[in-house]
Amino acid sequence: MKEIHGEYGLPGDPARIVKLTEQGMNFSDYITLLKRDDVWRATGWQFPQQSFAERMDRVRKIRNETMHFHTSDDDRISAVKEIQVALQMLKTVQPQA
């Protein structure tokens, strides 16, 4: 795994965390980073780490189903609600331009 081999920097060594925008990371890579305690502490976010990472993983799955032309309308309302909640959480920590 990338985080074990230090591709994103080693836990406890914030100077080695690679700039994410230059690495072509995928959605699951971001979730993996958010599960790291050192990265989570660096965000300064006040909501629960584990539940946020799990929510983002659900958003990832919704995104993958949508992007791969998943044709089923199963639980579309629930999917939209999941994305809206994640977006609202992110808006509380990201200043608006």
Side-chain angles (χ1 to χ4, degrees):
M1 293 178 73
K2 296 174 184 179
E3 68 277 9
I4 293 172
H5 299 294
E7 182 172 333
Y8 302 136
L10 301 174
D13 186 5
R16 292 203 52 207
I17 295 174
V18 178
K19 288 186 178 179
L20 303 177
T21 57
E22 296 175 359
Q23 297 303 308
M25 293 174 57
N26 62 41
F27 207 116
S28 65
D29 290 331
Y30 290 102
I31 295 167
T32 299
L33 278 177
L34 288 172
K35 289 180 180 178
R36 279 185 36 181
D37 290 338
D38 61 323
V39 173
W40 185 258
R41 281 191 305 273
T43 68
W45 295 347
Q46 298 300 308
F47 32 84
Q49 176 184 9
Q50 183 65 31
S51 64
F52 183 74
E54 289 169 0
R55 179 175 304 282
M56 295 309 293
D57 195 46
R58 290 190 301 270
V59 169
R60 177 191 65 81
K61 289 175 184 174
I62 293 166
R63 178 255 177 225
N64 286 349
E65 288 176 5
T66 302
M67 293 306 294
H68 296 290
F69 309 107
H70 186 70
T71 58
S72 174
D73 285 338
D74 294 343
D75 213 4
R76 182 179 304 260
I77 293 171
S78 177
V80 169
K81 180 67 175 169
E82 189 72 44
I83 293 169
Q84 287 173 329
V85 171
L87 180 59
Q88 283 305 115
M89 292 177 80
L90 289 170
K91 283 182 176 183
T92 67
V93 296
Q94 178 62 40
Q96 298 300 309

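If you're wondering where the values come from, they're calculated on a predicted model, not measured in any experiment. Quick note: residue numbers are just sequence positions, from 1.
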_Interatomic distance, L34 atom CG to Y30 atom OH [nearest 0.5 angstrom]_ = 10.0 Å
*Would you give the length of the straight line joining atom CD of E82 to atom CE of M56, rounded to the nearest 0.5 angstrom?*
9.5 Å
*With sequence neighbours left out, write down each residue that passes side chain to side chain donor-acceptor pair (under 3.5 Å) with S28, or none if nothing qualifies.*
N26
_Reported CG-to-OG1 distance for the pair L90 and T92, which is rounded to 0.5 angstrom_ = 7.5 Å
*Nearest 0.5 Å, what's the CD-CD distance between E54 and Q50?*
4.5 Å
*Should the ring pair W40 and F52 be called parallel, tilted or perpendicular, given that the plane angle runs from 0 to 90° and is split at 30 and 60?*
tilted
_How close do I62 and I83 get, counting heavy atoms only, and between which atoms?_
CG2-CD1, 3.7 Å
*Step-by-step side chain to side chain contact (heavy atoms under 4.5 Å, CB included) determination, R63 to R60*: CA-CA 5 Å; R63 178 255 177 225; R60 177 191 65 81; 5.6 Å; no
_Counterpart residues, side chain to side chain contact (heavy atoms under 4.5 Å, CB included), relative to K81 (two or more places apart)_ = Q84, V85
_Could you go through V93 and T43, starting from their C-alpha distance and side-chain angles, then the distance that decides it, and tell me whether this counts as side chain to side chain contact (heavy atoms under 4.5 Å, CB included)?_
CA-CA 9 Å; V93 296; T43 68; over 6 Å; no
*Please round to the nearest 0.5 Å and tell me the distance separating atom CZ of F47 and atom CE of M89.*
4.5 Å
*asked:* Using every non-hydrogen atom in the two residues, find where A53 and I31 come nearest and quote the distance to one decimal.
replied: O-CG2, 3.9 Å
